[in-house]
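Following: one structure in structure tokens, then a few remarks.
Just so it is clear, the values below take in all heavy atoms, side chains as well, and ignore hydrogens, waters and symmetry mates. Throughout, residue positions are numbered sequentially from 1 according to the sequence presented.
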Amino acid sequence: MSSLPILRSDTMLAFDDRPVEKRVGLVVLATDHTTEPDFRRMVASDRIGVYTARIAYANPTTPDNLRRMQPRLAEGAALILPDEPLDAICYSCTSASVVMGDDAIEQAIASAKPGVPVITPPAAARHGLHAFGARRIAVLTPYTEQTSRPMAAYFAEHGFDIARFTCFGLDDDREMARIAPASLVRAAVEVMAPDAEALFISCTALRSAVVAAEIEAAIGRPVVTSNQATAWATLRLCGDDRPRPEGGRLMTLPLPQDAWS
């Protein structure tokens, strides 16, 4: 085979600016089972590519363990298409974003990917709730009470009135990912406050985005979930404004003008 001639083509090649028009980065936990399937289903297309980096994380899901991810954010972001610009980048952990703070996460990721809009699940959820004009909300999380308290404080500090806050008491995100979607529908109906204007279901591990529309039909009010909200924000930042009612009412709305401006 060493004598086989290798020919070089003389075809004049044309090159596109990018293989895919829009590029989205995802920084996910090493233990994450849910974000990538959700983004493949809701965001990825022939026009939008989704590129993932995983960072080390160890359960249990406690505020201290969540904070330990902060030094790894820049390194994870830098591994996504190095030296090439992205159109948006999402750090896919709701509870860690609340514990560290949206600004700290944005600064860490911006050190590796300057000038790229940084999406966190709680920020995307806030903008989603604002898009509905909702101020009085109910919140459902899979976390323990200890990990849920910073979440309650986050939304209160951003001007939301929490009518009811309910948690499942779990401390392992792998177990959270195994909760059957039908169970999430039943739980949402049970925990919804009668006077709340919308329901926020926290946690990127939960498969709640799959049943957001079903929950809305059951409770008669808007539903915002972590992965649904980040997918919605990502699509809008990539210029995709097409309504996708199968993903819930949020997926039919425009991004508020002050979001990531």
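- Exactly one residue among Thr120, Thr34, Thr35 makes a side-chain hydrogen bond (donor to acceptor under 3.5 Å, both in side chains) with Ser92. That residue is Thr35.
- Taking 4.5 Å as the limit, every side-chain heavy atom of Leu66 sits out of range of all side-chain heavy atoms of Thr62.
- Nearest heavy atoms, Ala213 versus Pro245: CB-O, 4.1 Å.
- Side-chain rings of His127 and Phe132 stay apart, their centers remaining 6.0 Å or farther from each other.
- Remark: Arg244 CZ is packed, more than 12 non-hydrogen atoms of other residues, nucleotides or ligands lying under 6.0 Å away.
- Taking OG1 of Thr166 as the reference point, atom CE of Met192 lies at 10.5 Å (rounded to 0.5 Å).
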Step by step, work out the side chain to side chain contact (heavy atoms under 4.5 Å, CB included) result for Ile119 and Ile89. CA-CA 6 Å; Ile119 301 166; Ile89 188 165; over 6 Å; no
In residues 175-186, what donor-acceptor pairs under 3.5 Å come from side-chain atoms, sequence neighbours left out?
unit_1: Ser183; atom_1: OG; unit_2: Arg186; atom_2: NH2; d: 3.0

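- With rounding to the nearest 0.5 angstrom, the CG atom of Asp32 is 11.0 Å from the OH atom of Tyr57.
- Contact detail for Ala188 and Leu199: the closest heavy-atom pair is CB-CD2, 3.7 Å.
- In this structure, the side chain of Arg242 does not engage the main chain of Thr252 through any donor-acceptor pair within 3.5 Å.
- Side chains of Tyr143 and Ser202: a donor-acceptor N/O pair is present below 3.5 angstrom, by distance only.
- Considering OG of Ser45 and CG of Asp240, their distance stands at 7.0 Å, rounded to 0.5 Å.
- When side chains are defined from C-beta on, Thr94 counts as touching Met151, because their heavy atoms get closer than 4.5 Å.
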Let me see the working for Ser208 and Gln228 under side chain to side chain contact (heavy atoms under 4.5 Å, CB included), right down to the final yes or no. CA-CA 8 Å; Ser208 49; Gln228 175 212 42; over 6 Å; no
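- In this structure the side chain of Tyr51 never reaches within 4.5 angstrom of the side chain of Val24, judged on heavy atoms.
- Put simply, the side chain of Pro194 reaches to within 4.5 Å of the side chain of Arg164, judged on heavy atoms.
- Minimum interatomic distance between Ala125 and Ala229 (heavy atoms only, all atoms of both residues): N-CB, 3.8 Å.
- Of all heavy-atom pairs spanning Pro63 and Gln146, the tightest one is CD-CD, 3.8 Å.
- In this structure, a donor-acceptor pair under 3.5 Å is absent between the side chains of Asp171 and Thr144.
- With sequence neighbours left out, the salt bridge (charged side-chain N to carboxylate O under 4.0 Å, His left out) criterion links Glu214 to no other residue.
- Contact record, Pro256 with Trp232: CD-CH2, 3.6 Å, taken as the closest heavy-atom pair.
- Here Gln257 contributes atom CD and His130 contributes atom NE2; the two are 14.5 Å apart, rounded to the nearest 0.5 Å.
- Residue Asp195 places its CG atom among more than 12 non-hydrogen atoms of other residues, nucleotides or ligands, all under 6.0 Å distant.
- In terms of modelled atom types and a separation under 3.5 Å, the side chain of Arg54 and the main chain of Leu29 share a donor-acceptor contact.
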Side-chain donor/acceptor pairs under 3.5 Å, residues 72-82, sequence neighbours excluded:
unit_1: Arg72; atom_1: NH1; unit_2: Ala56; atom_2: O; d: 2.8

So Tyr91 and Val28, side chain to side chain contact (heavy atoms under 4.5 Å, CB included) or not? Walk me through it. CA-CA 6 Å; Tyr91 171 52; Val28 302; over 6 Å; no
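- Heavy atoms only, all atoms of each residue included: Ser111 and Ala108 are closest at OG-O, 2.5 Å.
- Rounding to the nearest 0.5 Å gives a distance of 8.5 Å between CZ of Phe200 and CZ of Phe165.
- Ion pairing between Glu36 and Arg41 fails under the 4.0 Å rule for side-chain N and carboxylate O.
- In this structure, a donor-acceptor pair under 3.5 Å is absent between the side chains of Ser95 and Thr147.
- Between Asn59 and Asn65, the side chains place no donor N or O within less than 3.5 Å of an acceptor N or O (distance only, hydrogens not considered).
- In this structure Asp64 satisfies the side-chain hydrogen bond (donor to acceptor under 3.5 Å, both in side chains) test together with Arg67, sequence neighbours excluded.
- Listed by first and then second residue, the salt bridge (Lys or Arg N to Asp or Glu O under 4.0 Å) pairs that reach into residues 78-102 are Arg18-Asp87, Lys22-Asp87, Arg23-Glu84, Asp102-Arg126, sequence neighbours excluded.
- Among residues two or more places apart in sequence or in another chain, the salt bridge (charged side-chain N to carboxylate O under 4.0 Å, His left out) test is passed with Asp16 by none.
- Note that Arg136 lies outside the cation-pi zone of Phe160, set by a 6.0 Å cut-off to the ring centre and a 45° limit from the axis.
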Check the pair Phe168 / Thr141 against side chain to side chain contact (heavy atoms under 4.5 Å, CB included), numbers first and verdict last. CA-CA 6 Å; Phe168 291 150; Thr141 84; over 6 Å; no
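- Glu216 places a side-chain N or O within 3.5 Å of a backbone atom of Val223 that can act as its donor or acceptor partner.
- For the pair Thr11 (side chain) and Leu13 (backbone), a donor-acceptor distance under 3.5 Å is absent.
- The distance from atom CD1 of Ile137 to atom CZ of Arg135, rounded to the nearest 0.5 Å, is 10.0 Å.
- Partner Asp38 forms a side-chain contact (heavy atoms from CB on, under 4.5 Å) with one of Val210, Thr204, Thr230, Leu206 and no other, that one being Val210.
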